[in-house]
Amino acid sequence: MPSTLLQLSGITKCFGEVRALRGVSFDLQAGEVHALLGENGAGKSTLIKIITGAHLPDGGSITLNGNLLGPLNPAFARTLGIACIYQQPALFKDLTVAENIGLRLEARGAFKKVDWVGQRKQAETLLQLIGADIHPDEEVKELSMPEQQMVEIACALGAKARIIIMDEPTASLTRKEQELLFKVVRKLRTDGMGIIYISHRLEEIFALSDRVTVLRDGESVGTVRAGAVGEKGLIQRMVGRELAASSIQKNFTPGAIVLELRNLTCKENGTKNVSLEVRAGEVVGMAGMVGAGRTELAQILFGLATPGGGTILVNGKPTEIKSPSDAVKCGIAYVPEDRRRHGVMLEMAIQSNISMASHGRLFPGGWLHEGRENEEALRSIRELGIKTSGPLALANTLSGGNQQKVALGRWLATKPRVLILDEPTQGVDVGAKLEIHKIIRELAASGMAILMISSDLPEVIAVSDRIAVMRLGELVAMLPADATQQEIMAAALGQSVL
Amino acid sequence: MKASKTIKNASRFSREITLGIGLLIILATLAVVAPGFYQAQPLLSLLTREAPSLIVACGMAWVIICRQIDISVGSQFGLCSVCAGLLAGMHWPIALVGICAMALGALLGWVNGFLVAGLRLPSIVVTLATMVTLREGLRWKRQGEFVTLPDTVQWFGFSQQQGQVTIIVVSLLVLIILAVTARHLSLARDIYAVGSDAEAARLAGIPALRITCFVFVLLGALTGLAAILNMAQAPQVDPKTGTGLELKAIAAVVVGGVSISGGRGSLWGVFLGLLLLACISPALTHLHVEAYWERAIHGGIILIAVAGDRFKQGKENS
Amino acid sequence: MKASKTIKNASRFSREITLGIGLLIILATLAVVAPGFYQAQPLLSLLTREAPSLIVACGMAWVIICRQIDISVGSQFGLCSVCAGLLAGMHWPIALVGICAMALGALLGWVNGFLVAGLRLPSIVVTLATMVTLREGLRWKRQGEFVTLPDTVQWFGFSQQQGQVTIIVVSLLVLIILAVTARHLSLARDIYAVGSDAEAARLAGIPALRITCFVFVLLGALTGLAAILNMAQAPQVDPKTGTGLELKAIAAVVVGGVSISGGRGSLWGVFLGLLLLACISPALTHLHVEAYWERAIHGGIILIAVAGDRFKQGKENS
Amino acid sequence: NKSPEPASGPVSPAKKMTIALMPKSKGNAYFISCKKGADKAAHELNVELIFDGPTDPDPARQNEIIENWITLGVDAIAVACENKEGISTALRKAKGKGIKVITYDSDAATDSRDFFVNQATAQGIGFSLMDEAARLMGPEGEFAIITASLTAANMNEWQKNIEARRAKNYPRLKMVALRPCDDLKDKAQSEATALMAANPNLKLIMAICSPAVPGAAEAVKQAGKTGKVKVIGLGLPNENKKYLKEGVTESVILWKTEDLGYLTIYAAHSLANGALKAGAKTFKAGTIGDFEIQGDNILLGKPFVFNKDNVDQFDF
Ligand SMILES: Nc1ncnc2c1ncn2[C@@H]1O[C@H](COP(=O)(O)OP(=O)(O)OP(=O)(O)O)[C@@H](O)[C@H]1O
Ligand SMILES: Nc1ncnc2c1ncn2[C@@H]1O[C@H](COP(=O)(O)OP(=O)(O)OP(=O)(O)O)[C@@H](O)[C@H]1O
Ligand SMILES: [Mg+2]
Ligand SMILES: [Mg+2]
């Protein structure tokens, strides 16, 4: 007989005029994985922040092990045995991995002595346990996003908590790390812990969870057993309607070569001898393990890193790209992967965010034209289905997925010839994901050359016309659109397929 | 949610409205208690005296909107004043002197900008260093001696009243141009973006470093202009002039509602903020209150202003 | 990536090593060119005079590590000095006077801390306001009059040499305690964490606000202590004392390698940074160089220090 | 033996005598003009002159420099003291090492130095200013004072004497306001403007720090109150020449600063070579004549009143 660990009832939370949660009830049993599902902005992250004490609820009650809790704060929640991996890694960039883990795990107390040796050992053990190849003395700011995510997971694991919350932990993990994580989660479940698991990847939810609570617009639309309703049922609950079949029209008519890379090399970031061409109207998917150097390649193309050798040709002309503004001038657009940090200006209006990269086109002469800007923003909001109160709302009022759409909208507004997308649907809900896939294809159809970096293999297969696979900074394979996941994985892992 | 747009528009000027009310209260009090405050000539003089500070505060506002700070501005002002004075002393035409002062200011600003943007050093440290270095260099050069100007320099050779009006008009023109620009120039938008998040701005193809450097150059050039407008008010230049100007400008900017963490604020607010701070001292004189209170009141106004921001934000967020 | 570990351990003290070398070069130059610099009494006096600044700089280092800044520290120093002087003038025992000064400093620090952490106001603005207010309040109270101390206060009633040694020892003790603490107390690591990322710290259950408030209180208390150590060096207290102390402390901290954007730095570096800056002035006097250069050199050292950081980081990153 | 020859006396002819001169702060026009006189004297006497001081008035830095001078082994030290007590220990130490110590401009504790070159007492200054004000204002009326900062000790001392003189001799003159100008001319101008507007009956502005005099004069001129509101103050003639001639400023009071520097160096030199001893009643300084010695104070004489008739004779 499983016991109820945590019980939330009637939780409400407003941010200004945004009602993020409107009376959500939720319970977590010991020894279960309870998935939270919902579209972007449904309120999942908000709900878990209430559980961890990061936000105070406006109304409702929280019961832990049968005891009603007063106002929570993160420190108190931790002592109650609640650990959380946030959607955005909450690590200390200036401190080392070991210090980060130590900080989270040691008992609080101002005048305690720091046990440097023990802390390092513990960090090593935890990192090994989850199979992360990260050195404990590395400073966190040197780590990539997925590596930071792994450190977060190690922290949560080491906390020996009764309740572990994971907010999209796999968003930037590759298959291998994901499997490791699943193993860990299953072990925790058998040890009698309660796990709240948030993900937009339905297959993970089926693979892992016992029960699923679906949130829609800040309300709970019920808790079900994952197997009982099936994928269709879940999606329907999430979006409140049937979703059209997920097949995408790929009608690729090869145009001229728009972007061509010849032996592109960069010592600084480890890119080696990459040759690649992308035609107008074509979507080239880019697969690879985390750390394969795909982002680095994109950064070279966007002028964020200087190539050591090789040439970039845009429309057949050799081009030097020294800065992002050069890239924009050449018609290259880049939607970065870390949208929270680099994608949108959180303090600025959606409208300004969308027009930001297109000042030259929208406002020749440098004079802002509010009407034109507004129009552009409204079009993006409409076309991309951004959920917002209007183009003047600030970007920080949007949920993660909607911020991603704003970032995409910004670059589409530049009317680029070459569009580089880095994990375009990371953290985007299924409905929106389909939308984005459709948009990518439409853009290609309109003659854009698209380079899409993605760790989501089904996505790569579904959207791309060709699939480039990278490994350790090199382009190791160029596969046709009908390649299988196994073929891609094999190439990414360095097993010969050619 | 739909109603929020109008509310936002109304609250966009909330700082300006609050400041305006505060100013009105002070002015009304003075009208009742010390009507002597309202005399054309002293008021004109007051505005003339504040005109250079206004120009510097406008430049500072841009620097702060860009999430930087420049505490060397007082030293720049002193250096520009002395150099302009020396040139004017050599009977260069005043327009040329003005251009030289602005060029010198722009150069000094560029040095700060280069160190901050080019070498990516923290602006507070950079300008601390240049503040000290410039001020000391100036002291060494002048040894405290005043620069005496030719008679034609004062009031640009106009009559006193014309000169005062000219100075006020120039400073208001600068304010209006910059304030309108802030709203309508895409460059200004870029500055807000860089102040909001420099890395994100760079990724959006905005030349963030060049813009950062630019705001320092702009502030420097405006400081040079302010130095000329100040020089034209007296027949001598005190080489200590400008001491404390950075604090005055920063205070006006902060009271005016520009966020010290960049990305927000308007120049109208800065204008009102400066007026509010500037009228404290004459108000105290007219009310025959001990002068000691002046700065304490300034400190209080600054605190109330930022605390008010905080309070408003807090209400919006929760 | 794996090799980076040893590199990192070696480079952990790189700033201290660089500073040490710089200091040695200056000292060696002096030994050759102006051996007169090396005489016990003047050196002792130099160190005694820098002792209060060292203590303040240590406190400032914590505030900056926590990603805050406190520019009101000079005013706090003045206020603590005057109050301590008045109490000493009433023949309170010196230990009690010391405790009162530290308590007063802690209280003033708490006000800053409360405004910064409690109301979440930007520290540069808050301490700008408190700086102005405190300094002006003090002016108003004292009207510039010196506080005359009883004879027993100077050198704590010891002989001059004993007194100087006491002051130096106390300041070094404070340095050592704080520097060792920095490495081994979990509270200290929490401060680094808050400076590195306050929101992450909050989410990790670190009471970020309380810690932010704490560093201001600590700085205030240390400032009180420093005021006492300064008071014991003369038979009078100048109410202007402490003017410019904030710049001196910030300069030492920055030169010492503490990152102005928080989260990094060590107190040993701050110590060396302060020594380096402090020995410029006597070095110039002994080298018969125009003393005007002193601050210009300070400015240069600050710039070189931050630029050096930048350069090192740049090399590591690429 | 009253006019010592250079290189005579106990100083060996091989080694030039070194005299160190310290201002309250460097980069200050007042002390620079003192230095001018000092340079002249040093040249006449063929001594080496070291001029050094803190950047801002700072007793601690003054101490430090004195200790450095002691180690450098100078023959005589002449200091304008920022803080009477603060500096005395260091001066006593210098005396103990056989270095001759003179103070000028503002004194240290009497036992820590040999002589004080007294340019004018606080009382002398205060009384002169008040008398001059009374002369210009007539029997009754309002006046205001602009000072450097409300914390400057010497100015407060002057102001006390001004007040004492007023209360005793001119009770019907009324001081309506005291405003600080932070030692900045521009600020003084603003303050004076506000003072005149707030006090329509103001008859005179007394500026007791040197940048404030031209600042106040400019304000009066701009307000169109030349002659209606008179300006007097303590200041350098050069900075005020223009206003004196225009009749905005009535008079500026100051001693001849160059003479102060000149006299100081002569006194230091004579002291170091033994020509000047405690108990002397007069002292002859080079080309500028004889000076009275009262106790251990060498008196420069009465403050000088510069006005439009005599100001052209001076250049400092
Ligand atoms: N700090 C905040 N200020 C204002 N609004 C906020 C804030 N945080 C969240 N919101 C709003 O609350 C709602 C729920 O956001 P939340 O982050 O919980 O969504 P989510 O379900 O986690 O979405 P995603 O899958 O995109 O991460 C959204 O409408 C969002 O705009
Ligand atoms: N700022 C950084 N400093 C040092 N190393 C970094 C930094 N960013 C990334 N790396 C390293 O560079 C390598 C490539 O990482 P990156 O995540 O960019 O690759 P990727 O192929 O784009 O992977 P993905 O896009 O799937 O996350 C990794 O080994 C990572 O640790
Ligand atoms: Mg979320
Ligand atoms: Mg990547």
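Model, not experiment: these values are computed from the prediction. We name chains A, B, ... by the order of the sequence lines, and we start the count at 1 in each one.
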I'd like to know which of D:K185, D:K241, D:Q222 tops the heavy-atom pair count under 4.5 Å against chain B.
D:Q222
D:K242 bridged to B:D151 by N-O distance under 4.0 Å:
yes
Nearest-0.5 Å distance, CD of residue D:Q189 to CG of residue B:D238:
11.0 Å
Which residue out of D:A194, D:A144, D:P200, D:A197 racks up the most heavy-atom pairs below 4.5 Å with chain B?
D:A197
Side chain proximity check, D:E239 to B:E145, heavy atoms < 4.5 angstrom
no
So does D:H43 have more than 12 non-hydrogen atoms from other groups sitting under 6.0 Å from NE2?
no
Among B:A234, B:G242, B:G36, B:G244, which residue forms the greatest number of heavy-atom pairs with chain D at distances under 4.5 Å?
B:A234
Checking side chain to side chain contact (heavy atoms under 4.5 Å, CB included) for the pair D:K221/B:Q154: CA distance, chi angles, key distance, verdict?
CA-CA 12 Å; D:K221 190 179 158 200; B:Q154 198 174 13; 3.7 Å; yes
Measure distances from B:A34 to the heavy atoms of chain D and classify the residue's part below 4.5 Å as side chain, backbone, both or neither.
neither
Relative to chain D, which segment of B:Q161 carries a heavy atom at a distance below 4.5 Å: side chain, backbone, both, or neither?
neither
Closest-packed option against chain B by number of heavy-atom pairs under 4.5 Å, given D:S33, D:A177, D:S190
D:S190
Taking all non-hydrogen atoms of both residues into account, name the closest pair between D:A223 and B:Q160 and its distance.
N-NE2, 4.3 Å
Got more than 12 heavy atoms from elsewhere within 6.0 Å of NZ, D:K308?
no
When rounded to the nearest 0.5 angstrom, what is the spacing between CZ in D:R179 and OG in B:S281?
4.5 Å
Scanning both residues in full, the closest heavy-atom pair of D:D183 with B:K240 reads O-CE, 3.0 Å
Which bit of D:Y30 comes within less than 4.5 Å of chain B, counting heavy atoms only: side chain, backbone, both or neither?
neither
Which of these passes side-chain contact (heavy atoms from CB on, under 4.5 Å) with D:D186: B:L245, B:T243, B:N230?
B:N230
For the atom pair CD (B:Q233) and CD (D:E218), what is the distance rounded to the nearest 0.5 Å?
8.5 Å
Residue among D:T193, D:L184, D:V176 with most heavy-atom pairs under 4.5 Å to chain B
D:L184
Relative to chain D, which segment of B:E50 carries a heavy atom at a distance below 4.5 Å: side chain, backbone, both, or neither?
neither
Heavy-atom proximity to chain D below 4.5 Å, by part of B:Q236:
both
